[in-house]
Undergrad: 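Below you will find the structure I want to go over with you.
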2 protein chains.
Amino acid sequence: MLKYILLGFLNYQPMSGYDLKSLMDESTSHFWHAYHSQIYTTLRKLEEDGLLVSEEIEAEDAKLNRRVYSITAAGQAELRDWLAQTMSEPTPVKEDLLVRLFFSGSRDRESTLNELRLQRQFHQQKLALYNSLSPHHLVADMDATPELLREARFWATTLEFGKRYEHMYLAWLEDTIRTIEAF
Amino acid sequence: MLKYILLGFLNYQPMSGYDLKSLMDESTSHFWHAYHSQIYTTLRKLEEDGLLVSEEIEAEDAKLNRRVYSITAAGQAELRDWLAQTMSEPTPVKEDLLVRLFFSGSRDRESTLNELRLQRQFHQQKLALYNSLSPHHLVADMDATPELLREARFWATTLEFGKRYEHMYLAWLEDTIRTIEAF
DNA sequence: ATTGGCATGTAATTAGTTACATGATTTT
DNA sequence: AAAATCATGTAACTAATTACATGCCAAT
């Protein structure tokens, strides 16, 4: 999946691994996180496969050089083909907290409740973050072409998902805390 | 994580890899899916680490023998220690559909809409499934001890999460379909 | 003086997926 | 006759995580 995220961003404009990591951190990381180590190795692999080309940009000053990647025609075709397909399943959920809760019967009740209360805090923060975000702040990090502005409408739908997800999660946490307090 | 799911179930009662796979399929797979190949290899590893012991049960008839695993004292301690901890973060979301939607600006609109409509179908089915499930049907697959019945209250909270998740997801899909139709 | 941002990578390990492989019994 | 269920595993591969590693510049 990371492959397509990188192709997707590089289809907007050429960028370095560092740029991609920064962009991801404030956008796609909310539904697909990746470490910089994976980003750099995947970029190399995509270049080997001919989907990207890179160019080392010498920095003035004594700074570290940047390696800027551009998408190739083959890369664009790969992205297009991938998008032309249709997911044949819903994405399976992987939620650690639910695993823990499922097996919390033998656990100290206060320990469980503390964990849920801490999670409530985390999800409140996430919701607050999403509410403070505008999909347009991403445009500011790239060249604001008219095409990019059209992309922002799709970005907004994923942000809306995030808000609803956190809202749902919080309500469930509240109710679950109350339920377990009453056990 | 699979490690703790296996320890968690085996803490209820001894079982084979096949039993564990079946139990997971109708419970934890909704928030933590695993293939049988991974289950069998993980069970072996846990036995090597002394957290489980296994015993080969000879089948009457000419059936294949079952290997039944039991949790050891060390295994119970490991499970207890893990549950005594507290997650220091919310679980990161990984949702393929959002990645695809994020980069769908350059995509044919009908293709995007078709994918969303198909997902709507999937999530309707998931919601229907969750609504048909009772946490007690799981007890039927194991020995119905009074302790197990207490566990079922925790199982129910995870099922409730599933219902709310699918409900939220569906509403978002509906709204997103309408939004994109209006683009 | 130290923290944070810029900037890049490799190495080692663990986890997860897909494919291969077998074979009997029961149900449709 | 074919499909589903029971039952177990290995092998190959891909993806993801964690740790290691470096070094400049600007701001506090």
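Side chains included, hydrogens not; waters and symmetry mates left out as well; all remaining heavy atoms used. In this text the structure is predicted, and so the values were computed from the model without any measurement. Proteins come first, then strands; the chains are lettered A, B, ... in the order of their sequence lines, and each starts at number 1.
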Undergrad: Of all residues at least two apart in sequence or in a different chain, which pass the side-chain contact (heavy atoms from CB on, under 4.5 Å) check with S22(A)?
TA: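 So S22(A) forms a side-chain contact (heavy atoms from CB on, under 4.5 Å) with Y18(A).
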Undergrad: To the nearest Å, give me how far apart CD (E56(A)) and P (dA7(C)) are.
TA: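 In whole Å, dA7(C) P lies 13 Å from E56(A) CD.
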Undergrad: Report all side-chain donor-acceptor pairs from residues 73-90 of chain A shorter than 3.5 Å, counting only partners two or more places apart or in another chain.
TA:
unit_1, atom_1, unit_2, atom_2, d
Q76(A), NE2, N11(A), OD1, 3.0
E78(A), OE2, K3(A), NZ, 2.8

Undergrad: Check the distance between dT22(D)'s P and N65(A)'s CG and give it to me in whole angstrom.
TA: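 Taking atom P of dT22(D) as the reference, CG of N65(A) is at 19 Å.
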Undergrad: Where along residues 35-51 of chain B does a heavy atom fall under 4.0 Å from DNA chain C?
TA: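 Result for residues 35-51 of chain B: Y35(B), S37(B), Q38(B), K45(B), sorted by number.
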Undergrad: Please determine if a side-chain N or O atom of R67(B) lies less than 4.0 Å away from the OP1 or OP2 oxygen of dT8(D).
TA: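 So the side chain of R67(B) is outside the cut-off, no N or O lying under 4.0 Å from OP1 or OP2 of dT8(D).
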Undergrad: Are any of the side-chain heavy atoms of Q124(B) and Y169(B) separated by less than 4.5 Å?
TA: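 The answer is no, as the side chains (C-beta and beyond) never meet within the 4.5 Å cut-off.
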Undergrad: Which residues pass the side-chain contact (heavy atoms from CB on, under 4.5 Å) test with P14(A), not counting sequence neighbours?
TA: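 Scan of P14(A) (side-chain contact (heavy atoms from CB on, under 4.5 Å), adjacent residues dropped) gives V68(A), S70(A).
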Undergrad: Just distance, no hydrogens or angles: give the donor-acceptor pairs under 3.5 Å from side chains in residues 148-159 of chain B, sequence neighbours left out.
TA:
unit_1, atom_1, unit_2, atom_2, d
E151(B), OE1, Y12(B), OH, 3.0
R153(B), NE, R150(B), O, 3.4
W155(B), NE1, F102(A), O, 3.3
W155(B), NE1, Y12(B), OH, 3.2
T157(B), OG1, F154(B), O, 2.7
T158(B), OG1, W155(B), O, 2.7

Undergrad: Could you tell me how far apart K3(B) (NZ) and dT17(D) (C1') are, to the nearest whole angstrom?
TA: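 That distance rounds to 16 Å.
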Undergrad: Would you be so kind as to tabulate the donor-acceptor pairs closer than 3.5 Å made by side chains of residues 176-183 of chain B, with sequence neighbours excluded?
TA:
unit_1, atom_1, unit_2, atom_2, d
T176(B), OG1, W172(B), O, 2.7
T176(B), OG1, W172(B), NE1, 3.2
R178(B), NH2, D175(B), OD1, 2.9
T179(B), OG1, D175(B), O, 2.7
E181(B), OE2, R117(B), NH2, 3.1

Undergrad: With T42(B), which residues qualify under side-chain contact (heavy atoms from CB on, under 4.5 Å), at least two apart?
TA: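 By the side-chain contact (heavy atoms from CB on, under 4.5 Å) rule, T42(B) matches L2(B), L6(B), Q38(B), L46(B).
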Undergrad: Nearest-nucleotide wise, let me know which of W32(A) and S16(B) is further upstream toward the 5' end of DNA chain D.
TA: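 Closer to the 5' end of DNA chain D: S16(B).
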Undergrad: Could you state the CZ-P distance from R66(A) to dC25(D), rounded to the nearest angstrom?
TA: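 After rounding, the reported distance stands at 17 Å.
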Undergrad: Can you tell me if the side-chain N/O atoms of K94(A) get under 4.0 Å from OP1 or OP2 in dG16(C)?
TA: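 K94(A) to dG16(C) OP1/OP2: side-chain N or O found under 4.0 Å.
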Undergrad: May I ask you to list the residues sharing a hydrophobic cluster with L127(B), side-chain cutoff 4.5 Å, ordered by chain and number?
TA: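 Noted: L127(B) shares its cluster with L170(B).
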Undergrad: How close or far is atom P of dA16(D) from atom CE of M1(A), stated in whole angstroms?
TA: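 Value for this atom pair: 8 Å.
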Undergrad: Looking at five pairs on each end of the helix from dA1(C)-dT28(D) to dT28(C)-dA1(D), what is the angle between the two axes, given to 10 degrees?
TA: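 For the helix from dA1(C)-dT28(D) to dT28(C)-dA1(D), the axes at opposite ends meet at about 40°.
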Undergrad: Write down the distance between CG (L2(B)) and P (dT17(D)), rounded to a whole number of angstrom.
TA: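 My rounded result for the distance is 16 Å.
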Undergrad: Nearest whole angstrom, please: distance from the C1' of dT8(D) to the CG of L20(B).
TA: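 Going from CG in L20(B) over to C1' in dT8(D) covers 13 Å.
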Undergrad: Roughly how many Å is it from NZ in K21(A) to P in dT17(D), rounded to a whole number?
TA: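 One finds 10 Å between P of dT17(D) and NZ of K21(A), rounded.
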Undergrad: Could you walk me through whether E56(B) and R67(B) pass the salt bridge (charged side-chain N to carboxylate O under 4.0 Å, His left out) test, one step at a time?
TA: CA-CA 4 Å; E56(B) 199 161 1; R67(B) 178 167 296 277; 3.2 Å; yes
Undergrad: Please tell me if Y18(B) has a side-chain N or O lying less than 4.0 Å from either OP1 or OP2 of dC6(D).
TA: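 Yes, because at least one side-chain N or O of Y18(B) sits under 4.0 Å from OP1 or OP2 of dC6(D).
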